[in-house]
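Quick note on labels: first sequence line is chain A, next is B, and so on, each numbered from 1. Reckoned from all heavy atoms, side chains included, excluding hydrogens, waters and symmetry mates.
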Amino acid sequence: MSAVRVRFAPSPTGYLHVGGARTALFNWLFAKHHSGVFVLRIEDTDAARSTEAATQVILDALEYLGLDWDEGPGRGGDYGPYYQSQRLDLYQKYAAKLMELGRAYECYCTPEELDQRRQEQIKQGKDTRYDGRCRHLSDQERLDLKAQGRVPVIRFASLEEGETPVEDLVRGTVTFDNVTQVDDFVIFKSDGMPTYNFAVVVDDALMKITHVIRGEDHLSNTPKQIQIYEALGFEVPKFAHIPMILGPDKSLLSKRHGATSVTQFYEEGYLASAMVNYLSLLGWGYDDSQTIFSVDELTEKFSLERVSKNPAVFDIQKLEWMNGVYIRELALPELYDVALPYWQKANLLPAEVSPAIKEYALRVLGELQTRLKLVADVIELGQYFFIDDYPYQPDIVRKILTKPQTEDVLNYVHDVIKDAPQLDEEYLKPQFKIGLEKFGIKMGELIQPIRVALTGTNVSPGIYDVLELLGKERVLARIERTLTMLREEELI
RNA sequence: GCCCCCAUCGUCUAGUGGCCAAGGACAUCGCCCUCUCACGGCGAAGACAGGGGUUCAAAUCCCCUUGGGGGUACCA
């Protein structure tokens with residue numbers, strides 16, 4: 001087989017949807033697996049909806065995921081340009097060729113007329129298809145129509161009998177009836193731009209694409225495209241239609257289900273490695289016991305034969321879990337690199353971080369690491385490590401710091417800390433135990449109040465770790481601050 | 001309306017006629033660890049949509065029904 005060439009062809013009308021990202025990933029994996037070429041092409045023929053900003057967003061999203069392309073925007077390549085809007089001359093050329101061949105013709109029907117006829121067909125229980133009335137217009141008729149101010153579209157003259165089989169690598173052969181399923185569809189709009197079904201064929205053929213891997217939503221359009229390939233004498237590529245991604249209610253995954261744009265996941269602190277791993281499992285599976293795959297493993301193991309046929313529900317909880325798995329696998333300096341921007345954005349750390357503070361932040365991350373699902377969690381979970389005016393959670397304070405012995409306990413701990421040669425478990429635990437007997441309480445009843453006093457919440461890393469990280473000075477100040485707060489609020 | 005695709009635990013899936021009284025992962029629940037929360041360990045519950053065939057044997061093949069998804073544009 002000749003070298004594999006695949007492509008991802010997003011239309012820049014918004015953000016990169018996770019479904020699109022998954023399609024890009026499968027193409028990328030397939031290319032890498034076969035040492036082939038991954039082409040990126042921007043399908044911006046819909047001038048009204050396409051924007052440059054949206055293109056950049058998609059490029060950024062792909063880069064974040066690590067899905068680098070071999071040919072395309074910013075990379076060049078021998079089959080450019082890679083923006084459809086810059087390939088108009090090519091589409092015109094091949095449309096003209098089809099007309100010469102008698103496989104395309106001008107159509108002067110208006111959208112209104114078309115719609116009316118379509119409604120009539122539905123009412124009669126028939127297939128909705130163009131009736132072909134402009135297919136054999138005489139020159140005079142054409143002139144008359146034009147004189148009425150009508151601007152024509154160009155339609156493909158489709159086959160009027162037989163069937164068009166689609167050989168699909170994941171679904172097998174799917175056969176479509178030419179008469180009822182492939183009508184004379186528009187290939188050039190009246191605004192002078194080609195339609196998707198036409199441009200995609202010209203581009204894929206000219207770019208020498210060998211495998212078209214795309215969403216199942218394109219399956220029904222494939223016979224139309226195949227007829228164009230054949231009419232133009234192009235070699236028909238192999239097709240693989242991968243299942244759609246659904247929301248929890250089984251409808252197509254969309255914004256109303258929550259985050260769907262890759263950019264958004266990036267901003268919320270999902271690691272590319274986790275995104276890629278999770279996305280790979282949507283519609284593909286390897287064996288019965290493995291769910292964690294490195295990119296290298298995916299590249300090695302990916303195959304279209306193992307792509308599933310049924311649609312997959314996007315499970316954000318599993319993605320979160322997986323992100324946690326990858327966060328735990330990071331070395332601390334790596335975690336620091338991804339966490340730092342979040343802390344800076346929340347004003348917990350300065351733009352310029354001194355070596356000492358970095359050293360401290362690294363230790364904080366060591367404690368936080370197993371507790372993170374999203375990198376962004378470092379803000380919520382770690383703020384009290386960086387600021388002294390951390391907020392107290394009112395309900396927690398009320399629940400834990402309003403016991404009769406609270407004040408005595410805090411004072412006791414304050415004294416212990418003040419005289420402590422070092423703040424580690426080895427020294428402190430025996431001291432705390434003395435307090436336990438003195439107040440007739442359990443360890444938890446001593447530690448929880450300290451925790452709330454030092455952090456403002458009842459959730460934190462182990463208390464001895466917190467104590468050690470904070471250091472004597474800050475611990476004493478915080479206990480004092482808490483005592484003051486309690487008195488001011490008249491809680492003790 | 002018409003056409004196409006699909007159908008295993010709540011979810012992602014393993015399963016390609018006997019190895020399946022259906023395996024794994026997430027989620028859920030319980031226990032252990034324990035100063036809280038995580039992490040980790042152990043365990044529980046949980047599915048072949050329904051009905052007909054074919055076969056010695058069906059989750060696996062065929063048909064029907066039902067359900068879900070997609071297409072049916074001068075969107076891509």
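Below the 3.5 angstrom threshold, one finds a donor paired with an acceptor across the side chain of S220(A) and the base of rG70(B). One N or O donor and one acceptor, one from the side chain of S190(A) and one from the base of rC74(B), sit under 3.5 Å apart. If you check distances only, the side chain of K318(A) does reach the base of rA25(B) with a donor-acceptor pair under 3.5 Å. Residue R328(A) places no side-chain atom within donor-acceptor reach of the base of rC39(B), judged by atom type and a 3.5 Å distance cut-off alone. A donor-acceptor contact under 3.5 angstrom links the side-chain atoms of T370(A) to the base of rA38(B). One N or O donor and one acceptor, one from the side chain of R371(A) and one from the base of rC37(B), sit under 3.5 Å apart.
Here the side chain of D183(A) pairs a donor or acceptor atom with the backbone of Y130(A) at under 3.5 angstrom. Judged purely by atom type and a 3.5 angstrom limit, R398(A) has no side-chain atom pairing as donor or acceptor with the backbone of P394(A).
To the nearest angstrom, P of rA38(B) lies 20 Å from CG of L365(A). Atoms NZ (K224(A)) and C1' (rA76(B)) sit 13 Å apart, rounded to a whole Å. Counting to the nearest Å, the P atom of rG1(B) and the NZ atom of K123(A) are 16 Å from each other. Distance, R117(A) CZ to rU72(B) P: 19 Å, rounded to whole Å. Rounded to a whole Å, the CZ atom of R171(A) is 10 Å from the C1' atom of rC4(B). Remark: C1' of rC39(B) and CD of E320(A) are 16 Å apart, rounded to the nearest angstrom. rC3(B) atom P lies 17 Å from atom CD of E216(A), rounded to whole Å. Look at CD on Q369(A): it is 20 Å from P on rC37(B), rounded to the nearest Å.
With sequence neighbours excluded, no residue satisfies salt bridge (Lys or Arg N to Asp or Glu O under 4.0 Å) with R371(A).
In this entry rG10(B) has rC26(B) as its Watson-Crick or G-U wobble partner, both defining distances falling under 3.5 Å. Of the nucleotides present, none pairs with rU55(B) by Watson-Crick or G-U wobble criteria with both distances under 3.5 Å. Pair check for rU72(B) finds rG1(B); Watson-Crick or G-U wobble, both atom distances under 3.5 Å.
Among the atoms of the strands shown, only primed sugar atoms or phosphate atoms (P, OP1, OP2) are found under 4.0 Å from some heavy atom of T195(A). Here P111(A) lies in heavy-atom contact (under 4.0 Å) with a base. Backbone-only engagement by R306(A) is indicated by non-hydrogen atom pairs under 4.0 Å involving sugar-phosphate atoms exclusively. N221(A) comes within contact range of at least one nucleobase, with a heavy-atom separation under 4.0 Å. Within 4.0 Å (heavy atoms only), Y464(A) reaches at least one base atom of the nucleic acid. In this structure, P461(A) reaches the bases: a heavy-atom distance under 4.0 Å links it to at least one base atom across the strands shown. Within the nucleic acid shown, N458(A) comes within 4.0 Å of at least one base atom, counting heavy atoms only.
A close approach under 4.0 Å does occur between a side-chain nitrogen or oxygen of K189(A) and OP1 or OP2 of rA76(B). Between rU72(B) and R118(A), no contact under 4.0 Å exists linking OP1 or OP2 to a side-chain N or O. Phosphate contact (OP1/OP2 of rA76(B), side-chain N/O of T45(A), threshold under 4.0 Å): present.
Within the cation-pi definition used here (under 6.0 Å to the ring centroid, within 45° of the axis), R41(A) does not qualify as a partner of F8(A).
In this structure, the aromatic ring of H218(A) is not positioned over the six-membered ring of the base of rG70(B) within 5.5 Å between centres and 30° between planes.
Atom name C1', nucleotides rU11(B) and rU72(B): the rounded distance is 31 Å, in whole Å. For the C1' atom pair drawn from rC3(B) and rG15(B), the interatomic distance equals 31 Å after rounding to whole Å.
Partner of F293(A) under the ring-ring contact (aromatic ring centres under 6.0 Å, His included) criterion, out of F302(A), W284(A), Y326(A): W284(A) alone.
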With a 3.5 Å cut-off and sequence neighbours excluded, list the donor-acceptor pairs that the side chains of residues 441-460 of chain A form with protein atoms.
| from | atom 1 | to | atom 2 | distance (Å) |
| --- | --- | --- | --- | --- |
| E445(A) | OE1 | K442(A) | N | 2.7 |
| Q448(A) | OE1 | R451(A) | NH1 | 2.6 |
| R451(A) | NE | S460(A) | OG | 2.8 |
| R451(A) | NH2 | P461(A) | O | 3.2 |
| T455(A) | OG1 | R451(A) | O | 2.7 |
| T455(A) | OG1 | T457(A) | N | 3.0 |
| T455(A) | OG1 | T457(A) | O | 2.9 |
| T457(A) | OG1 | V459(A) | N | 3.0 |
| T457(A) | OG1 | V459(A) | O | 2.9 |

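Counting heavy atoms of neighbouring residues, nucleotides and ligands inside a 6.0 Å radius, atom OH of Y286(A) does not exceed 12 of them.
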